[in-house]
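Right, one structure below, let's go through it.
Chain letters run A, B, ... following the sequence lines, proteins first, then strands; residues in each count from 1.
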Protein chains: 2
Amino acid sequence: MNDRTNPPIVSAEETDDTSNKTFFTIGDLAREFDVTLRALRFYEDKGLLNPRRVGTARHYSRRDRARLKLVLMGKRVGFTLGEIREMLDLYELRDGQETQLRVSLDKFREQITVLQRQKQDIEQAISDLTRTCDIVEGMLKQQAAQAS
Amino acid sequence: MNDRTNPPIVSAEETDDTSNKTFFTIGDLAREFDVTLRALRFYEDKGLLNPRRVGTARHYSRRDRARLKLVLMGKRVGFTLGEIREMLDLYELRDGQETQLRVSLDKFREQITVLQRQKQDIEQAISDLTRTCDIVEGMLKQQAAQAS
DNA sequence: ATGTGACTTGACGTTTACGTCAACCATTCC
DNA sequence: GGAATGGTTGACGTAAACGTCAAGTCACAT
């Protein structure tokens with residue numbers, strides 16, 4: 001459906017010319033960031049997004065879009081939606097303020113140590129599995145030798 | 001739990017002298033492997049374990065205990081209980097047979113590449129987060145400079 | 001007028017690996 | 001005979017992040 005690896009096809013048409021768009025529909029963002037409509041509504045439910053309503057329809061501002069970017073970034077680095085929400089709420093409270101920056105910075109650093117721990121666990125698992133593979137290979141070789 | 005001031009049950013090492021135990025209770029295994037009773041019953045439900053029944057009580061043989069070890073190993077390296085079950089079933093089918101060894105070996109190798117992918121993702125996340133930290137630190141320094 | 005596409009709000013389902021009661025039984029220690 | 005210990009079977013609950021209907025609205029092209 002979504003072929004993300006073909007640059008030349010969609011070019012100058014106003015499809016991805018976001019720069020002069022005054023707002024985005026839910027479908028726009030879904031396509032652009034490759035998330036489902038359901039996910040976007042879910043984020044809204046969780047207080048991560050707050051698009052304007054025009055009738056019943058959602059209109060996402062460029063600011064909403066930026067928030068979504070942050071949400072997806074946060075997810076990618078392992079934060080839960082709850083944690084992301086807390087940090088976003090801080091930004092709402094006092095935009096660009098020192099305290100809020102420090103709080104987020106701390107969270108980032110904590111998350112880095114969490115990730116480092118996970119990385120170590122995975123490395124351990126890889127080495128265990130590799131060792132096991134070696135052993136099993138050895139068994140197979142021995143069976144082959146015995147069969148001869 | 002151990003004896004206090006009472007009958008001379010055996011002696012100093014009866015606690016972990018598993019070698020002469022004819023069976024294990026659910027509590028024995030729970031303590032030894034640091035899992036809950038609930039977990040052990042759950043594994044049984046999922047067909048991973050099959051302790052003998054003596055009345056209603058579960059008696060785990062040394063073979064059951066070995067299977068549990070494999071289960072926990074499998075979990076540690078990222079297999080789901082379902083995958084672990086499939087592999088254990090193969091062992092039941094033809095114990096120590098070549099075909100089954102090859103199948104497991106393939107699964108192990110697949111899992112290794114899965115883990116390597118996960119490791120890369122985490123490394124990317126760490127580097128992203130680190131970069132973000134640097135940026136935020138920069139912002140804080142600039143704010144501090146401006147305030148002076 | 002009608003079909004199509006985009007969108008809406010519920011509301012229940014999914015996955016994985018158990019946790020958390022509740023209520024009960026069987027020994028055994030004192 | 002009563003508490004402590006260790007076990008039993010249900011059965012519902014939990015977490016996270018959505019998926020998957022169902023049923024309806026709305027604008028617009030045919």
**Q.** Interatomic distance, A:Gln118 atom CD to A:Gln111 atom CD [nearest 0.5 angstrom]
**A.** 7.0 Å
Q. Can you tell me how far the CZ atom of B:Arg67 sits from the CZ atom of B:Arg85, to the nearest 0.5 Å?
A. 9.0 Å
Whole Å only: how far is the [atom1] atom of [X] from the [atom2] atom of [N]?
X       : N      : atom1 : atom2 : result
B:His59 : D:dG6  : NE2   : C1'   : 12 Å
B:Leu29 : D:dG7  : CG    : C1'   : 14 Å
A:Leu37 : D:dC18 : CG    : C1'   : 13 Å
B:Arg41 : C:dC21 : CZ    : C1'   : 13 Å
B:Glu44 : C:dC18 : CD    : P     : 15 Å
B:Arg31 : D:dG7  : CZ    : P     : 6 Å
A:Asp34 : D:dG19 : CG    : C1'   : 15 Å
A:Leu68 : D:dC18 : CG    : P     : 11 Å

Q. Hey, is the main chain of B:Glu83 close enough, under 3.5 Å, to the side chain of B:Glu86 for a donor-acceptor pair?
A. no
What nucleotide among [options] has an atom nearest to a side-chain atom of [X]?
X       : options                : value
B:Ile26 : D:dC12, D:dA17, D:dT8  : D:dT8
A:Leu81 : D:dG7, C:dC18, D:dC18  : D:dC18
A:Thr25 : C:dC7, D:dA11, D:dG7   : C:dC7
B:Phe42 : D:dA17, C:dA17, D:dG19 : C:dA17

Q. Does A:Tyr43 have a side-chain nitrogen or oxygen under 4.0 Å from the phosphate oxygens OP1 or OP2 of D:dC18?
A. yes
(Q) Under 4.0 Å from OP1 or OP2 of D:dA17: is there any side-chain N or O of A:Thr80 that close? (A) no
Q.
Surrounding CZ of A:Arg117 (heavy atoms of other residues, nucleotides or ligands, distance under 6.0 Å), is the total greater than 12?
A. no
Q.
With a sphere of 6.0 Å drawn around CE of A:Met87, does it hold more than 12 non-hydrogen atoms of other residues, nucleotides or ligands?
A. yes
Q.
So A:Lys46, base contact, sugar-phosphate only, or nothing? Heavy-atom distance under 4.0 Å.
A. nothing
Q: Before giving the answer on side-chain contact (heavy atoms from CB on, under 4.5 Å), spell out for B:Ile112 and A:Cys133 the whole-Å C-alpha distance, their side-chain angles and the decisive distance to 0.1 Å.
A: CA-CA 10 Å; B:Ile112 287 177; A:Cys133 281; 4.1 Å; yes
What side-chain donor-acceptor pairs closer than 3.5 Å can you find for residues 40-54 of chain A, not counting sequence neighbours?
unit_1	atom_1	unit_2	atom_2	d
A:Glu44	OE1	A:Arg58	NE	2.6
A:Glu44	OE2	A:Arg53	NH2	3.3
A:Arg53	NH1	A:Thr56	O	2.8

**Q.** For DNA chain C, the residues among residues 49-58 of chain B that have a non-hydrogen atom under 4.0 Å from it
**A.** none
